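Since the structure comes first, as structure tokens, the remarks are kept for the end.
Worth saying up front: this structure is predicted, and the values here are computed from it rather than measured. Note on naming: letters A, B, ... go to the chains in the order of the sequence lines (proteins, then strands), and numbering restarts at 1 for each one.
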Amino acid sequence: MTDRPTIQRILTGISGFDDIAVGGLPASRSTLVSGTTGSGKTLFALEFLARGISGFDQPGVFITFDERPGDLRVNARSLGFDIARWEAEGRWMFVDASLEAGEQTPTVGTYDLGALTARIAHAVRQIGARRVSLDSLGSVFTRFADQDLVRRELYRLAGMLDSLEITSVITTERDADYNGVTRQGVEEFVFDNVVILRHVIRGERRHRTVEIVKFRGATHRTGEWLFTIDPEDGLVVIPVAFLAPRDRASSERVSTGNTELDAMVGGGVFRDAVVLLIGSHGGGKTLAALQFADAAYRAGERCLFHAFDETRGQLGRNAAGWGLDLDVMEASGLLRVAATYSEVASVEDHFLRIRRDIADFAPARLVIDGISALERRATPRTLLDFVIALGGVVREREITTLFTSAPTARGTSPIMEIAGITDVTLVLRHIEGPGTVRRAIAVMQTRGSAHDRAIREVAIDDTGMHVGDPYPGILRLLPDAPVPPSDREE
Amino acid sequence: MEDQPPAALTPMATYAFRMYVAGRSRRSQAAEENLRALCDFYLPGCHEIEIVDATEQPALAEEERILATPIVIRKSPLPGYRVIGDLSDRSRAAFLLGLPDSGRPSPEGQRL
């Protein structure tokens, strides 16, 4: 790893976050998690502790200034975390600093937060805590008039936690998603480690993003990453695992479902390959996708088929037209078809649903037919993130995956970006030949193996797709001239 | 409790205070001195003061959800007024603790 050895890391266990953090939060340090109201700060703080207990057996102390412990227990319950049980087991402890309704304590003379510090130190010692979450700084400030005093005390507290070798998450409020600093102004400059959660509307769509602004002395990925709040999984940062180096690559080849196409890509695709098939409407994408699924069926392996362009009924009829019986394949338990219109959910939600289906069905193959349909709901960047994220999930499990896509409404650039991260890219499209419209296919790239460079004619009949001889003459098969991505933004 | 009438808030009632401090700092000592002085002035002979060090009894501080120290809590009679700070302004502290006659301005030079 590129990490400097001096900075130890602690895995949060929050889905996807540890990947963008390149190994988790800096250990024995405080990390400021800053965000506007509703950005997911409290959930981050809660999951950091809960996943520390459930995943790493590291007890945690939750200092709450905002929500009552009772409310937090209820919220955590819906994510499957039983805080009350952990409390009984001595693995979770609340320091309840939440305000009673209407409670406002007057002050006369000077004071400090010595009792709070003592309570936290006590709780940490009592359960041997390795993690502490404090939610939120802003609420501490609103409670006391003397802002400088509170700030001094909080730094002292953070210092105490550091010296106890506790890894802590401290949340704080921002008034706006993009205007630079926290409500109290200086925290983001004073803390060594800062994470910002945002909740913004872009292109008429609500987006949640997470950005690691700084980890002093430790590497992390830059930029904003999409995340979602899943009712079962909690925070899920979308681009996972994909960018991490792969420990092993499969050398086993599997069929695409078409022997001639197998030959074109060098004898089938690798079992862990992610294949992208780009093609115009009616060009044969769905047929190729169904044949890909059929190859799994014939090999006695499970295939998950998500269709965004067609209903289950349309898909079944098309398949029947090419001699494939989806009903029989589904009844065998080897095929699961999920057909949804892309509009019914956000791209993030589609991702979560597919991921859940994969976990549940454990397929050897995955087909996503019509990712371009998702673009109606998303920015090009979101579509790219979707493929990256799903790529991470399928590679980990060596699921042979086929994405199909039309050239998108905004030109081809987002799809070309996606092509940059898939293993095999195929183009299948109509060709206006002399007096006829025909179809042609070509392999744009195959990673890790040689491939046929010819553009070949494709014929489709009632037994399926047939790849023929190289097309005579000079053709321009690649959909459009490349478009600079910057010209295509929004 | 039902057979007893509510305690009348007369100067003769016994006032009980609990003061939380954090360690033996100068501020802790000043707070304690100020509390004792104002009790002696307003509640001569009818008050009890308990000092709790939050660093020694953090569980008790947790139970009463104490954050800032020093803090004094009027344990009886209810309601349980709380005042944070070293109580350097004694008459204001007495007023905020709801002590009898504490509303009156303290004459200049009075040893409060």
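In this structure, chain A has no heavy atom under 4.5 Å from any part of B:Ala31. Heavy-atom distances place the side chain of B:Ala22, and not its backbone, under 4.5 Å from chain A. For A:Phe144, the part lying under 4.5 angstrom from a heavy atom of chain B is the side chain only.
Per-residue counts of heavy-atom pairs under 4.5 Å with chain A were compared for B:Asp86, B:Ile66, B:Asp89, B:Asp53; the largest is that of B:Asp86. If you tally non-hydrogen atom pairs under 4.5 Å between each of B:Gly23, B:Ala54, B:Ala68, B:Ser88 and chain A, the highest count goes to B:Ala68. With chain A as the partner, the residue from B:Ile71, B:Val83, B:Val21, B:Asn34 showing the most heavy-atom pairs under 4.5 Å is B:Val83. The candidate from B:Ala59, B:Ala61, B:Ser25 with the greatest count of non-hydrogen atom pairs under 4.5 Å with chain A is B:Ala61. Most heavy-atom pairs under 4.5 Å with chain B: of the set A:Gly109, A:Ala97, A:Pro106, this distinction falls to A:Pro106. The most heavy-atom pairs under 4.5 Å with chain A, out of B:Gln57, B:Arg92, B:Glu56, come from B:Arg92.
Here A:Thr110 contributes atom OG1 and B:Leu87 contributes atom CG; the two are 9.5 Å apart, rounded to the nearest 0.5 Å. Atom CD of A:Glu153 sits about 11.0 Å away from atom CG of B:Leu67, to the nearest 0.5 Å. Taking CD of A:Gln126 as the reference point, atom CD of B:Glu62 lies at 10.0 Å (rounded to 0.5 Å).
Counting heavy atoms of neighbouring residues, nucleotides and ligands inside a 6.0 Å radius, atom CD of A:Glu165 does not exceed 12 of them. Open room surrounds CZ on B:Arg26; 12 or fewer heavy atoms of other groups in view lie less than 6.0 Å from it.
Considering all non-hydrogen atoms of both residues, B:Arg65 and A:Leu99 come closest at NH2-N, 4.0 Å.
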Next on the checklist: Under the criterion side chain to side chain contact (heavy atoms under 4.5 Å, CB included), I'd like the reasoning laid out for B:Thr69 against A:Asp112: C-alpha separation, chi angles, the key distance, then a yes or no.
Outcome noted: CA-CA 6 Å; B:Thr69 38; A:Asp112 57 36; 3.2 Å; yes

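When the heavy atoms of residues 114-125 of chain A are compared with those of chain B, the residues falling under 4.5 Å are A:Gly114, A:Ala115, A:Leu116, A:Ala118, A:Arg119, A:His122, listed by number.
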